[in-house]
Structures are given as structure tokens and as C-alpha cells.
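Below is one structure, written out as C-alpha cells; comments come after it.
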Amino acid sequence: MALLGAFAPQNPRADVGDAPADREIILVAGLIHYDILLPVDDATLTSFEFLEGAGVPLRHPLVRWLAVGWGSEAFYTTTGNYSSLSASTVMKAATGDDGVMRFEVTGALPVHPRLLRIRVSEAQLAALRASILSDLDATPRALPLSGFTPTDVFFPAAGRFNALRTCNVWISDKLSDAGLTSGAWTPTPYAVTVSLWWNGHLTR
């Protein structure tokens with residue numbers, strides 16, 4: 001079923017124009033989850049300036065990318081590694097849980113199979129930033145939680161996580177909001193990858 005959803009397109013936003021795709025975003029794959037990496041340029045610094053106050057060193061001179069992920073509050077914020085998963089955490093995530101968003105920064109990245117690079121236009125990149133921000137409160141306040149690294153943070157986010165609406169479905173929804181054709185239902189990382197390949201978005 002997940003592969004059928006990956007091949008079936010959802011209608012992307014159509015008002016972002018036909019400008020040259022001269023910018024790049026990255027999807028970074030984990031075992032069960034994708035993050036979106038946004039280039040840290042002036043527009044990203046302005047849009048996400050609230051992260052500095054929350055402890056994310058967005059303006060550090062070596063920072064090149066802002067990683068953004070969405071997921072279940074119970075699962076995402078309490079699972080440092082998969083060996084620490086509890087049955088109650090898995091059940092809560094599967095049956096419905098509040099959404100949270102995680103932010104982290106990274107430096108320059110090499111070409112690697114787990115880094116899926118996607119070409120976008122300036123307008124598409126702006127639409128992607130706006131779509132991500134629309135899932136946060138008007139004045140975002142970080143959750144009082146320990147992250148997975150010294151500089152990552154979690155914020156309450158719109159939407160409910162469940163077995164049908166997973167973090168990977170959120171990824172495809174954000175790409176669609178940015179004007180990119182993506183799968184109608186991509187609950188797994190593999191489904192996201194297939195959708196990107198099928199729709200011709202992978203640059204390498």
C-alpha cells in the first residue's frame with residue numbers, strides 16, 4: 001500500500017512560478033525517518049531567527065544547513081535510540097499523539113547516498129520555509145526537553161501523528177506545499193525515496 005501511495009501523486013502547489021531550479025535542499029535518511037535540510041542563507045536566518053534564542057547556533061560561521069523534522073511527541077522526544085523504545089510509546093504514536101518539530105544545524109555536507117539532494121527554485125524554497133513555519137505557533141516556544149545533541153530543540157507543532165500520518169507523510173506534504181510533485185501517501189522512508197525518484201526530483 002505504501003508503494004501505491006508513493007506512485008500516486010498529490011496535487012502540488014501551483015503558484016510558485018517556473019523560475020530556474022538553482023537552489024538545493026537535502027533530505028537526510030534515518031532508519032525510519034527523514035529530515036529536511038534547508039540552506040542557511042539570509043532568508044532562512046530571518047525566518048528562523050527565534051531558534052537562536054532557543055539555543056540553536058543558526059548564525060555560527062560554520063553552519064550551512066538547518067535540519068527540520070516532525071513527529072510524535074512521545075516517540076520523537078523520548079527515544080534517543082531504538083533500544084530504548086517502550087511498548088507504550090509505540091502504541092501512543094501509532095494511535096495518535098501531538099506533533100512536535102525538531103531543529104538542528106550542521107556544517108557543510110559531502111555527497112552521500114543517505115543525503116537526497118533536490119533542486120528547487122527560489123520561490124519553491126521560500127514556499128517550503130513558509131509551510132514549515134505555518135506548523136509552528138505564531139511565537140514559537142521551545143519545549144523543556146533534552147535533545148539528542150547539545151544544540152537541537154523541539155517545538156510544539158500542528159498536526160497529529162498516527163500510523164497513517166507519519167513523519168514521512170509530513171515530508172511529502174511539505175514538498176507538495178513547495179510546488180514539488182510528491183506521493184499522496186508515503187508513510188515510510190522507502191516510500192519517500194520511491195516518490196522522489198518516480199517524480200524526477202533526485203539530482204544524484
*Can any side-chain N or O of Trp65 pair as donor or acceptor with the backbone N or O of Ile26 at less than 3.5 Å?*
no

*Looking only at heavy atoms, which two atoms of Thr151 and Pro57 are closest? And how far apart?*
CB-CD, 3.6 Å

*Please round to the nearest 0.5 Å and tell me the distance separating atom CD1 of Ile118 and atom CG of Leu125.*
11.5 Å

*asked:* Any heavy-atom pair between the side chains of Ile25 and Pro39 that's under 4.5 Å?
replied: yes

_Donor-acceptor pair, side chain of Arg114 and main chain of Ala29, under 3.5 angstrom_ = yes

_Residue pair Asp22 / Glu122: nearest heavy atoms and the distance that separates them_ = OD1-N, 4.3 Å

_Any side-chain heavy-atom pair of Leu51 and Leu66 under 4.5 Å_ = yes

*Is a side-chain donor or acceptor of Glu52 paired with a backbone partner of Leu58 at a separation under 3.5 angstrom?*
yes

*Rounded to the nearest 0.5 Å, how far apart are CG of Leu37 and OG1 of Thr106?*
7.0 Å

*Please tell me if the side chains of Leu133 and Ser47 come closer than 4.5 Å, counting only heavy atoms from C-beta onward.*
yes

*Of all heavy-atom pairs between Gly179 and Val16, which one has the smallest distance, and what is that distance?*
CA-CG2, 4.1 Å

*asked:* Heavy-atom count check: over 12 atoms from other residues, nucleotides or ligands less than 6.0 Å from Asp137 CG?
replied: yes

*Go through the steps for Trp170 and Val68 under the test side chain to side chain contact (heavy atoms under 4.5 Å, CB included), then give the verdict.*
CA-CA 11 Å; Trp170 180 85; Val68 187; 4.0 Å; yes

*Would Trp70 and Ile132 satisfy side chain to side chain contact (heavy atoms under 4.5 Å, CB included), going step by step from the backbone distance to the final call?*
CA-CA 10 Å; Trp70 179 92; Ile132 290 169; over 6 Å; no

*Just how far is it from atom CZ of Phe161 to atom OG1 of Thr166, taken to the nearest 0.5 Å?*
5.5 Å

_With side chain to side chain contact (heavy atoms under 4.5 Å, CB included) as the test, pick out the partner of Leu196 among Thr181, Leu202, Leu180._
Leu202

*State, yes or no, whether a side-chain contact exists between Tyr34 and Thr193 at a heavy-atom distance under 4.5 Å.*
yes

*asked:* Distance check, rounded to the nearest 0.5 Å: Phe154 atom CZ versus Phe103 atom CZ?
replied: 11.0 Å

*asked:* For a quick test of reading the model, state the closest non-hydrogen atom pair linking Pro187 to Asn168 and the distance between them.
replied: O-ND2, 3.2 Å

*Do Ser176 and Ser182 have side-chain N/O donor and acceptor atoms under 3.5 Å apart?*
no

*Do Ser131 side-chain atoms and Ala127 backbone N/O form a donor-acceptor pair below 3.5 Å?*
no

*asked:* Before you tell me yes or no, could you show the steps for Asp173 and Leu175 under side chain to side chain contact (heavy atoms under 4.5 Å, CB included), namely the whole-Å CA-CA distance, both residues' side-chain angles and the distance that decides it to 0.1 Å?
replied: CA-CA 5 Å; Asp173 287 350; Leu175 295 179; over 6 Å; no

*Can you tell me how far the CD atom of Gln124 sits from the CZ atom of Arg23, to the nearest 0.5 Å?*
12.0 Å

_Closest heavy-atom pair and its distance - Ser172, Val192_ = OG-CG2, 4.3 Å

*Would you mind reporting whether Arg64 and Val40 have side-chain heavy atoms less than 4.5 Å apart?*
no

_Minimal non-hydrogen separation, Asn199 against Gly183, with atom names_ = ND2-N, 4.4 Å

*Is a side-chain N or O of Asp152 found less than 3.5 angstrom from the main chain of Glu104, in a donor-acceptor match?*
no

*asked:* Determine whether Arg129 and Asp41 satisfy the following criterion, salt bridge (Lys or Arg N to Asp or Glu O under 4.0 Å), listing intermediate values before the conclusion.
replied: CA-CA 12 Å; Arg129 290 192 203 96; Asp41 54 15; 3.0 Å; yes

_Quick check for you: to the nearest 0.5 Å, what is the distance between Ser195 atom OG and Ile171 atom CD1?_
11.5 Å

*Can Asp35 and Leu27 be said to form a side chain to side chain contact (heavy atoms under 4.5 Å, CB included), step by step?*
CA-CA 6 Å; Asp35 282 337; Leu27 299 188; over 6 Å; no

*I would like to know whether Lys174 and Asp135 meet salt bridge (Lys or Arg N to Asp or Glu O under 4.0 Å); could you show each step before the answer?*
CA-CA 10 Å; Lys174 295 298 107 175; Asp135 283 348; 2.9 Å; yes

